[in-house]
Amino acid sequence: MRIVVCIKQVPDTEELTKVKVNPVDNTIVREGIKNIINPFDENALEEALRIKEKNAASVTCISMGPPQAEDALRKALSMGVDEAILISDTCFAGSDTWATSYILSEAIKRLGDFDLIIAGKQAIDGDTAQVGPGIAEHLGIPQLTYVRKIEIKNGMIRAERALEDYFEVVEIKLPALITVTKEINEPRYPSLRNLLKAKKIKIPLWDNRFLNLAQDKIGLDGSPTRVIRTFTPGLPKKGEIIQGDIKEKADKIIEEIKKRNLLRWLQ
Amino acid sequence: MATIKIISDSCTGCEKCIPACPFSLIKLEEGKAHIMPGCTFCGACVEECPFDAILLEEEQKEVELSAFRGVWVFAEQREGEIMPATFELLAAGRKLADALVESLSVIFLGDAIDEKVDELKKYPVDRIFFVSHPLLAEYRTSFYTRVFVDLIREFKPDIILLAATSMGRDLAPRVAARLKTGLTADCTSLDIDKEKRCLVQTRPAFGGNIMASIVTPYHRPQMATVRPKVMRPMQPTSLSSAEVIKLQPDLRSEDELVKIVGKIKEETNVVDLQEAEIIISGGRGLGRPENFSLIRELADLLGGAVGASRAVVDAGWIPSYHQVGQTGKTVQPKLYIACGISGAIQHQVGMRSSDVIVAINKDPEAPIFNIATYGIVEDLNRFLPVLMEKLKNTSSGRS
Ligand SMILES: Cc1cc2nc3c(=O)[nH]c(=O)nc-3n(C[C@H](O)[C@H](O)[C@H](O)COP(=O)(O)OP(=O)(O)OC[C@H]3O[C@@H](n4cnc5c(N)ncnc54)[C@H](O)[C@@H]3O)c2cc1C
Ligand SMILES: Nc1ncnc2c1ncn2[C@@H]1O[C@H](COP(=O)(O)O)[C@@H](O)[C@H]1O
């Protein structure tokens, strides 16, 4: 059994507030920002490794991004994936979710046969949740999004999908793509030994000389969407700390609730 | 599509183009100009270059854009009930259609729900495409994608809106990938650029730290999922003269790739956080799992939903679907009451767009107070009972 995990390198959560729009030229300032593996993608990696431990599977991890995305792949190697591949080329830059999922799907085709693709439910920088389903569509395989539990038996997956207010239990034949939520598992920490081992592994680079994809399907040219403006939103103003004794504070809150018509029965 | 190239042989590395770029996207690499991603093909550098070393090729339009007309709204149903977000999409869609002087259509997929079509007819829409089939009773990616794509190919809408729910966000990227068109996720505002007659989609990114406006210039339809509860719902008028187009697709159960074998409801009455107008959230400051009863009681009293920080979800005090924040849900209620929540950035990004935020925390230095409309520095175990008592007394008029 072969599992492919798609991971994305994103700015560290703590750093998200530091991502700013440069008011002069409208570009996004990312300098000096620490990067991590997208948190849900760590769950994707962990799930693949757990399946591997139970079912004699091999796990390949791919990431498309700038050269420093290699750090994310190295961490995946230290967690225990068998193989990591960096998909990087300046002509891939500027890809939107359509082009990204196209490039990733073409890379997966190059890998040969696979049974299961695991992605995160969404990436915390763009929060689009579009790349997983996009890859599945380009590969013509079924998808299960928002998976919080899977079992694999005889070429079938049984999964629980988290919907707004309940969980759906579904069965699907492999090959398939799933996107996972954080409830699915607790990602492992790599041991020091594995960290050191992973440092020495050479990570293959697949650029477009290798993948040979048509210009009009990759990068900015291959992207149906265009960002025309970015701006920093007005953040909520720091409000007031309500003074007084505990009863007065409660009164004040109720008064505000009334004033703003928040409760139909409290007018 | 437009392309821009530096003709290496002609470029002398004079750097004149660098300040000419309004987006600072040109730099010198190995003595030659290099255009970084993000170029909008404005041509400013081309005019500046003394050596004609920059080649801008204007786009050829990929599709005849004008063949695509009208606005479509995907009406989501679950167990036969139309989801409330649908009516928000209808209001947004009506505005866009009016701005373009085009029609508004509703796409409704399901099985044996003709009476719901009558409900939709009460709204000011022009057409209702009702696709009825037993295999469409419940949402399944493959059948819904197939039916939806067929409809789009046949009727060629200009704009399609779906709710950014678990269903909308499963279906929309699949449809957009198949049609090779643009899709913008989780939009919080939509406008028409009247001059270009295109949809301008605005959405938060980087945990809400940045807003981005996105267009789909050369592909149709223009697709967007819209965050629930941000737009006001459309009210019924009962005067609608919507034309109903009933269609029966040819679907076979052999093609069923995914089998739904069960549903798990871990709690009764779980209120969908993204739909709630009032949310009461509890964090580690509750001290003990049993104290969530305080939160639930207040939620009942106010008719709100129960939220939680990740710390208490991880501790197993409450199921994960209550979690608000970066790895939980993004919510935007009219009132958010955070009780015993420190307000870590990962929590904030999920709730800070709420209209009014009330924070109850005994630590005056808690970061939640930086974004709270009203801060209450108190022990929640003392404050919440007082608040509830007072609410009960004021609620005598409640029927
Ligand atoms: C990748 C990543 C993703 C994350 N995603 C999320 C997410 O989606 N959502 C989320 O919430 N967190 C998320 N977190 C965790 C986040 O960083 C915080 O750890 C978490 O939000 C803290 O929860 P808390 O406020 O309940 O607990 P604490 O930080 O422990 O805060 C408890 C607060 O309660 C107050 N308090 C204590 N006793 C009382 C009392 N008796 N009365 C009143 N106040 C009292 C304390 O002063 C304190 O401010 C994420 C973290 C990471 C690294
Ligand atoms: N550049 C990328 N390289 C590899 N995987 C990606 C990339 N972008 C997105 N993904 C995968 O797709 C998921 C959803 O991302 P997004 O659609 O950007 O929210 C992520 O959790 C990853 O698993």
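All chains are named by letter (A, B, ...) in the order of the sequence lines, taking the proteins before the strands, and each is independently numbered beginning at 1.
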Asker: Taking every non-hydrogen pair under 4.5 Å, which of B/Gln348, B/Glu256, B/Met167, B/Gln323 racks up the most with chain A?
Answerer: B/Gln323

Asker: Could you look at A/Gln122 and say if it's the side chain, the backbone, both or neither that has a heavy atom under 4.5 Å from chain B?
Answerer: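 Contact with chain B involves the side chain of A/Gln122 alone.
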
Asker: Please classify the contact between B/Thr165 and chain A as side chain, backbone, both or neither, with a heavy-atom cut-off of under 4.5 Å.
Answerer: both

Asker: Can you tell which part of A/Ile242 gets under 4.5 Å to a heavy atom of chain B, answering side chain, backbone, both or neither?
Answerer: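 It is both, since atoms from each part get that close.
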
Asker: Check A/Val227, A/Thr225, A/Thr128, A/Thr97 against B/Thr184 for a side chain to side chain contact (heavy atoms under 4.5 Å, CB included) and give me the one that passes.
Answerer: A/Thr225

Asker: Chain B: which of A/Lys173, A/His138, A/Arg148, A/Lys121 shares the most heavy-atom pairs with it under 4.5 Å?
Answerer: A/Arg148

Asker: Could you tell me which portion of B/Arg382 (side chain, backbone, both or neither) has an atom closer than 4.5 angstrom to a non-hydrogen atom of chain A?
Answerer: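 For B/Arg382, backbone and side chain are both near chain A.
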
Asker: Are the charged groups of A/Lys182 and B/Asp314 less than 4.0 angstrom apart, N to O?
Answerer: yes

Asker: Is it true that A/Glu137 and B/Arg178 have a side-chain N and a carboxylate O under 4.0 angstrom from each other?
Answerer: yes

Asker: Could you check whether atom NZ of A/Lys217 has more than 12 heavy atoms from other residues, nucleotides or ligands sitting under 6.0 Å from it?
Answerer: no

Asker: Is it the backbone or the side chain of B/Val358 that comes under 4.5 Å from a heavy atom of chain A, or both, or neither?
Answerer: side chain

Asker: Do NZ/NE/NH1/NH2 and the carboxylate oxygens of B/Arg203 and A/Asp127 come within less than 4.0 Å?
Answerer: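 Salt bridge: no.
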
Asker: Less than 4.5 Å to any heavy atom of chain A: does that hold for the side chain of B/Ile278, its backbone, both, or neither?
Answerer: side chain

Asker: Can you list the steps and then say if A/Tyr166 with B/Tyr321 is a ring-ring contact (aromatic ring centres under 6.0 Å, His included)?
Answerer: CA-CA 9 Å; A/Tyr166 66 91; B/Tyr321 42 80; over 10 Å; no

Asker: What part of B/Glu389 gets within 4.5 angstrom of chain A, counting heavy atoms only: side chain, backbone, both, or neither?
Answerer: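 For B/Glu389, there is no contact with chain A at all, as no heavy atom is under 4.5 Å.
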
Asker: Report yes or no: do B/Tyr374 and A/Glu240 form a side-chain donor-acceptor pair below 3.5 Å?
Answerer: no

Asker: Looking only at non-hydrogen atoms, find the nearest pair between A/Pro133 and B/Arg174 and report the distance.
Answerer: O-CD, 4.1 Å

Asker: Can we say A/Glu164 and B/Lys329 salt-bridge, meaning some charged N sits less than 4.0 Å from an Asp/Glu carboxylate O?
Answerer: no

Asker: Between A/Glu256 and B/Val356, is the side-chain contact (heavy atoms from CB on, under 4.5 Å) condition met? List the steps.
Answerer: CA-CA 10 Å; A/Glu256 284 300 332; B/Val356 177; over 6 Å; no

Asker: Begin with the C-alpha distance, continue with both residues' side-chain angles, and end with the deciding distance and a verdict on side-chain contact (heavy atoms from CB on, under 4.5 Å) for A/Ile246 and B/Glu378.
Answerer: CA-CA 8 Å; A/Ile246 196 164; B/Glu378 284 289 347; 3.6 Å; yes

Asker: Where do A/Val169 and B/Ile264 land on the side-chain contact (heavy atoms from CB on, under 4.5 Å) test, with the steps shown first?
Answerer: CA-CA 7 Å; A/Val169 188; B/Ile264 305 173; 3.7 Å; yes

Asker: How close do B/Phe206 and A/Pro11 get, counting heavy atoms only, and between which atoms?
Answerer: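 Heavy atoms of B/Phe206 and A/Pro11 come nearest at CE2-CG, 3.8 Å.
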
Asker: Which of the residues A/Cys91, A/Gly94, A/Ala136, A/Pro39 is involved in the greatest number of heavy-atom pairs with chain B at under 4.5 angstrom?
Answerer: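 Max contact count across the listed options: A/Ala136.
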
Asker: Please state whether the side chain, the backbone, both or neither of A/Gln243 comes within less than 4.5 Å of a heavy atom of chain B.
Answerer: neither

Asker: Which heavy atom of A/Ala129 sits nearest to which heavy atom of B/Pro173, and what is that distance?
Answerer: O-CG, 4.2 Å

Asker: Where on A/Glu183 is there a heavy atom nearer than 4.5 Å to chain B: the side chain, the backbone, both, or neither?
Answerer: side chain

Asker: For the pair A/Glu168 and B/Lys263, find out whether any cationic side-chain nitrogen is under 4.0 Å from an anionic carboxylate oxygen.
Answerer: no

Asker: Please flag which part of A/Ala123 lies under 4.5 Å from any non-hydrogen atom of chain B: side chain, backbone, both or neither.
Answerer: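 It is neither, since no heavy atom gets under 4.5 Å.
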
Asker: Side chain, backbone, both or neither: which part of A/Phe40 has an atom under 4.5 Å from a heavy atom of chain B?
Answerer: side chain

Asker: Can you tell which part of B/Val175 gets under 4.5 Å to a heavy atom of chain A, answering side chain, backbone, both or neither?
Answerer: neither

Asker: Using non-hydrogen atoms only, which part of B/Arg140 is less than 4.5 Å away from chain A: side chain, backbone, both, or neither?
Answerer: neither

Asker: Taking every heavy-atom pair that is under 4.5 Å apart, which of B/Gln201, B/Lys334, B/Arg78, B/Gln222 has the most such pairs with chain A?
Answerer: B/Arg78

Asker: Side chain of A/Lys249, backbone of B/Gly375: donor and acceptor closer than 3.5 Å?
Answerer: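 No.
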
Asker: Over all heavy atoms of both residues, which pair between A/Arg161 and B/Asp170 is shortest? Give the atoms and the distance, please.
Answerer: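 Looks like NH2-OD1, 3.7 Å.
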
Asker: Among A/Ala162, A/Ala250, A/Ser95, A/Gly244, single out the residue with the greatest number of heavy-atom pairs under 4.5 Å to chain B.
Answerer: A/Ala250

Asker: Using a 4.5 angstrom heavy-atom cutoff, name the option from B/Met36, B/Glu138, B/Arg310 with the most pairs to chain A.
Answerer: B/Arg310

Asker: Assess the residue pair B/Arg169 and A/Thr145 against the criterion (side-chain contact (heavy atoms from CB on, under 4.5 Å)); give the C-alpha distance rounded to whole Å, side-chain angles, the decisive distance to 0.1 Å, and a yes or no.
Answerer: CA-CA 9 Å; B/Arg169 295 183 80 171; A/Thr145 48; over 6 Å; no

Asker: Looking at B/Thr216, B/Val386, B/Val215, which makes the most heavy-atom pairs under 4.5 Å with chain A?
Answerer: B/Val215

Asker: Search all heavy atoms of B/Tyr218 against all heavy atoms of A/Arg226 and return the closest pair with its distance.
Answerer: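 What the structure gives for the nearest pair is CE1-NH2, 4.3 Å.
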
Asker: Which one, B/Pro37, B/Ala172, B/Ala176, B/Ser166, leads in non-hydrogen pairs under 4.5 Å with chain A?
Answerer: B/Ser166

Asker: Looking only at heavy atoms, which two atoms of A/Pro224 and B/Gly182 are closest? And how far apart?
Answerer: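 Shortest heavy-atom contact: CB-N, 3.2 Å.
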
Asker: Taking NZ in A/Lys109 as the centre, count heavy atoms belonging to other residues, nucleotides or ligands within less than 6.0 Å. Is the count above 12?
Answerer: yes

Asker: Name the region of A/Ser101, side chain, backbone, both or neither, that has any atom closer than 4.5 Å to a heavy atom of chain B.
Answerer: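 When you check distances to chain B, no heavy atom of A/Ser101 falls under 4.5 Å.
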
